[in-house]
Undergrad: 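For reference, the structure I am asking about is given below.
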There are 2 protein chains.
Amino acid sequence: MENDLYNRNAIVDRLREFGINPTHQRIEIAYALFSRQEHLSADQIMAAVNTKHSETSKATVYNTLNLFVKRKLIREVIVDPSKVFYDPNTHVHHHFYDLAAGVLTDIDGDELHLTGLPKLPEGMAIESIDVIVRIYPKQHLNS
Amino acid sequence: MENDLYNRNAIVDRLREFGINPTHQRIEIAYALFSRQEHLSADQIMAAVNTKHSETSKATVYNTLNLFVKRKLIREVIVDPSKVFYDPNTHVHHHFYDLAAGVLTDIDGDELHLTGLPKLPEGMAIESIDVIVRIYPKQHLNS
DNA sequence: AATTGAGGTTAGACGTAGTCTATTTCTTGG
DNA sequence: CCAAGAAATAGACTACGTCTAACCTCAATT
């Protein structure tokens with residue numbers, strides 16, 4: 001597993017690139033996200049990092065995720081009112097959100113395009129553009 | 001104000017159209033949303049409805065908003081991890097979200113178009129498509 | 001090796017949006 | 001006007017996320 005693109009050495013380099021001091025906890029949290037290449041919520045990350053005996057506190061998980069977001073190492077995805085997902089993929093892309101399963105999947109940025117974005121309000125700049133396609137299984141019975 | 005498009009008589013009709021029994025509280029909540037034609041959060045709606053002396057409980061506000069969403073009289077807009085906005089505009093449209101002010105504004109559905117939406121995962125159907133353009137004032141100092 | 005101090009981690013209290021439950025009140029058909 | 005089902009209510013409760021103040025780590029300095 002040492003030539004894995006996302007082994008811990010690669011993670012350490014990546015954190016340094018983004019100006020983040022690579023501590024144990026930060027490495028483990030980054031590893032949880034990048035090795036899976038999935039969209040995880042904070043509690044899923046906490047569980048992933050604390051499989052054996054609890055090692056990383058809730059405060060550290062949140063501190064670290066917020067730091068990663070601020071340094072643009074990862075992205076927040078806001079699709080569910082009850083929790084935020086964290087996305088290790090920083091390329092331009094969008095998301096399907098499976099409402100029944102609560103699972104996000106990527107839509108490649110080369111496929112989906114936007115046209116006709118109107119002029120922004122005066123003095124404003126774009127921070128990000130999110131497209132979320134909410135989907136559900138056809139045989140799903142709505143409550 | 002009686003020939004307002006969104007006077008209370010029109011609201012009552014609208015609720016009935018959507019199969020919603022028009023009680024006092026439901027009329028007031030719908031009126032708060034439709035007369036303003038703005039995107040309000042649950043607590044803003046609660047404040048709007050209880051200007052004089054408290055009349056409508058928190059439970060009723062949430063029950064009613066969830067009912068309206070289920071019956072598709074209004075739409076939820078999920079852009080801020082700390083609260084949900086409710087949107088009285090049911091036409092196809094998208095949103096600017098001003099990160100500094102926490103305010104939503106509409107992007108007309110006739111302007112902004114999506115192309116190249118990939119095939120959905122097997123057996124899935126689309127529930128909705130949301131486009132959120134997050135914006136900020138240029139002179140805004142990031143923390 | 002001991003000191004220092006800034007950055008990092010921690011437990012647990014706290015804030016708060018939203019839900020739930022048990023009870024009361026309203027609405028409406030007859 | 002009455003009964004029964006629908007709706008509203010207060011307030012307890014849950015859960016995600018934040019905050020605080022104490023503690024730990026480690027590199028730089030002496």
Side-chain angles (χ1 to χ4, degrees), chain A residues 11-12 15-16 18-32 39-50 52-71 73-86 99 102 104 143, chain B residues 8 11-12 15-16 18-32 39-50 52-71 73-87 99 102 104 143:
Chain A
I11 294 281
V12 168
L15 291 177
R16 292 221 172 88
F18 284 78
I20 298 166
N21 189 3
T23 65
H24 290 303
Q25 289 88 339
R26 287 168 178 178
I27 293 165
E28 287 311 308
I29 289 167
Y31 185 75
H39 307 81
L40 302 177
S41 59
D43 65 317
Q44 290 174 314
I45 290 163
M46 184 128 88
V49 163
N50 291 330
K52 320 219 160 194
H53 20 68
S54 188
E55 287 159 352
T56 302
S57 72
K58 185 171 66 153
T60 298
V61 170
Y62 280 101
N63 286 344
T64 300
L65 290 171
N66 289 335
L67 175 66
F68 286 2
V69 169
K70 203 199 302 182
R71 293 287 211 279
L73 177 67
I74 63 176
R75 243 173 81 180
E76 271 182 336
V77 186
I78 300 164
V79 289
D80 185 314
S82 77
K83 66 191 164 213
V84 173
F85 287 95
Y86 295 90
L99 295 164
L104 278 168
S143 53
Chain B
R8 286 180 174 69
I11 294 281
V12 169
L15 292 177
R16 290 222 172 87
F18 283 79
I20 298 165
N21 190 2
T23 65
H24 288 155
Q25 289 89 338
R26 286 167 179 179
I27 293 166
E28 288 310 309
I29 290 168
Y31 185 75
H39 308 81
L40 302 177
S41 59
D43 66 317
Q44 290 175 315
I45 291 163
M46 184 127 90
V49 163
N50 291 330
K52 319 217 160 198
H53 21 70
S54 188
E55 287 160 355
T56 302
S57 71
K58 184 169 67 153
T60 298
V61 170
Y62 280 101
N63 286 345
T64 300
L65 290 171
N66 289 335
L67 175 66
F68 286 1
V69 169
K70 204 199 303 181
R71 293 286 211 280
L73 177 68
I74 64 177
R75 244 172 80 180
E76 271 181 338
V77 186
I78 299 164
V79 290
D80 186 314
S82 76
K83 66 192 164 214
V84 173
F85 288 95
Y86 295 90
D87 187 347
L99 294 164
L104 278 168
S143 53

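Below, all heavy atoms of this structure are taken into account, side chains as well, without hydrogens, waters or symmetry copies. Within every chain, numbering begins at 1; the chains are lettered A, B, ... in the order of the sequence lines, protein sequences first and strands thereafter.
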Undergrad: Atom CG of A:Asn63 to atom C1' of C:dT10: distance rounded to whole Å?
TA: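 Value for this atom pair: 10 Å.
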Undergrad: Could you tell me how far apart B:Glu28 (CD) and D:dA7 (C1') are, to the nearest whole angstrom?
TA: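 My rounded result for the distance is 16 Å.
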Undergrad: Of the candidate nucleotides D:dT18, D:dT9, D:dA8, which contains the atom at the shortest distance from the side chain of B:Thr56?
TA: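 Given the options D:dT18, D:dT9, D:dA8, the side chain of B:Thr56 is closest to D:dT9.
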Undergrad: Look at all strands and tell whether B:Asn66 reaches a base, only sugar-phosphate, or nothing, counting heavy atoms closer than 4.0 Å.
TA: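 The residue B:Asn66 makes sugar-phosphate contact but no base contact.
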Undergrad: Could you say whether A:Arg26 or B:Val84 is positioned toward the 5' end of DNA chain C, judged by the nucleotide with the nearest heavy atom to each?
TA: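 It is A:Arg26 whose nearest nucleotide is closer to the 5' end.
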Undergrad: What is the separation between atom CD1 on B:Ile27 and atom C1' on C:dC26, rounded to the nearest whole Å?
TA: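 Between C1' of C:dC26 and CD1 of B:Ile27: 13 Å.
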Undergrad: Is NZ or CZ of B:Arg8 both nearer than 6.0 Å to the six-membered ring centre of B:Tyr31 and within 45° of the ring axis?
TA: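 Yes, B:Arg8 lies over the aromatic ring of B:Tyr31.
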Undergrad: To the nearest Å, give me how far apart CD1 (A:Ile45) and C1' (D:dC16) are.
TA: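 Nearest whole value for this atom pair: 13 Å.
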Undergrad: Please figure out whether A:Ser82 or B:Ala59 has its closest DNA chain D nucleotide nearer the 5' end.
TA: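 It is B:Ala59, whose closest nucleotide lies nearer the 5' terminus.
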Undergrad: Looking only at the side chain of B:Gln25 (C-beta and beyond, no hydrogens), which of the listed nucleotides C:dT9, C:dC20, D:dA8 gets closest?
TA: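 The closest nucleotide is D:dA8.
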Undergrad: Across the strands shown, which category fits B:Ser41 at heavy-atom distances under 4.0 angstrom: base, sugar-phosphate, nothing?
TA: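 No contact.
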Undergrad: Write down the distance between CG (B:Leu40) and C1' (C:dG18), rounded to a whole number of angstrom.
TA: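 That distance rounds to 17 Å.
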Undergrad: Under 4.0 Å, counting only non-hydrogen atoms across every strand here, what does A:Asn21 touch: a base, just sugar-phosphate, or nothing?
TA: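 If one applies the 4.0 Å heavy-atom cut-off, A:Asn21 turns out to touch the sugar-phosphate alone, with no base involved.
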Undergrad: Given C:dG7, C:dT9, D:dA7, identify the nucleotide with an atom nearest to the side chain of A:Thr60.
TA: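 Looking only at heavy atoms from C-beta outward on A:Thr60, the closest nucleotide is C:dT9.
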Undergrad: Take atom CD1 of B:Ile20 and atom P of D:dA8, then tell me their distance rounded to the nearest Å.
TA: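 Rounded to the whole Å, the gap is 11 Å.
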Undergrad: Specify the separation, in whole Å, of atom CG of A:Leu65 and atom C1' of D:dG17.
TA: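 Interatomic distance, CG of A:Leu65 to C1' of D:dG17: 11 Å.
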Undergrad: Tell me which nucleotide among C:dA11, C:dT27, C:dG8 gets nearest to the side chain of B:His24.
TA: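 That would be C:dT27.
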Undergrad: Between B:Glu55 and A:Tyr62, who's closer to the 5' end of DNA chain D by nearest nucleotide?
TA: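 That would be B:Glu55.
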Undergrad: Between B:Phe85 and B:Leu40, is there a side-chain heavy-atom distance shorter than 4.5 Å?
TA: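 Side-chain contact under 4.5 Å: no.
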Undergrad: Distance check needed: C:dG8 P versus A:Phe68 CZ, whole Å only.
TA: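 From A:Phe68 CZ to C:dG8 P: 11 Å.
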Undergrad: Got A:Ile11 and A:Leu15 here, is their nearest side-chain heavy-atom distance under 4.5 Å?
TA: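 With C-beta onward as the side chain, the pair touches.
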Undergrad: If I compare all heavy atoms of A:Asn21 with all of A:Arg26, which pair ends up nearest, and what's the gap?
TA: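 So the minimum-distance heavy-atom pair works out to O-NH1, 3.0 Å.
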Undergrad: So if I take every side-chain heavy atom of A:Lys83 and compare against D:dA7, D:dC16, C:dT10, which nucleotide ends up nearest?
TA: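 Side chain of A:Lys83 sits closest to D:dC16.
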Undergrad: Taking only the side-chain heavy atoms of A:Lys58 (C-beta and beyond), determine which of D:dA6, D:dA8, D:dT18 contains the nearest atom.
TA: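 Closest nucleotide to the A:Lys58 side chain: D:dT18.
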Undergrad: B:His39 and B:Gln44: which non-hydrogen atoms are nearest, and at how many Å?
TA: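 Closest approach of B:His39 to B:Gln44: O-OE1, 4.0 Å.
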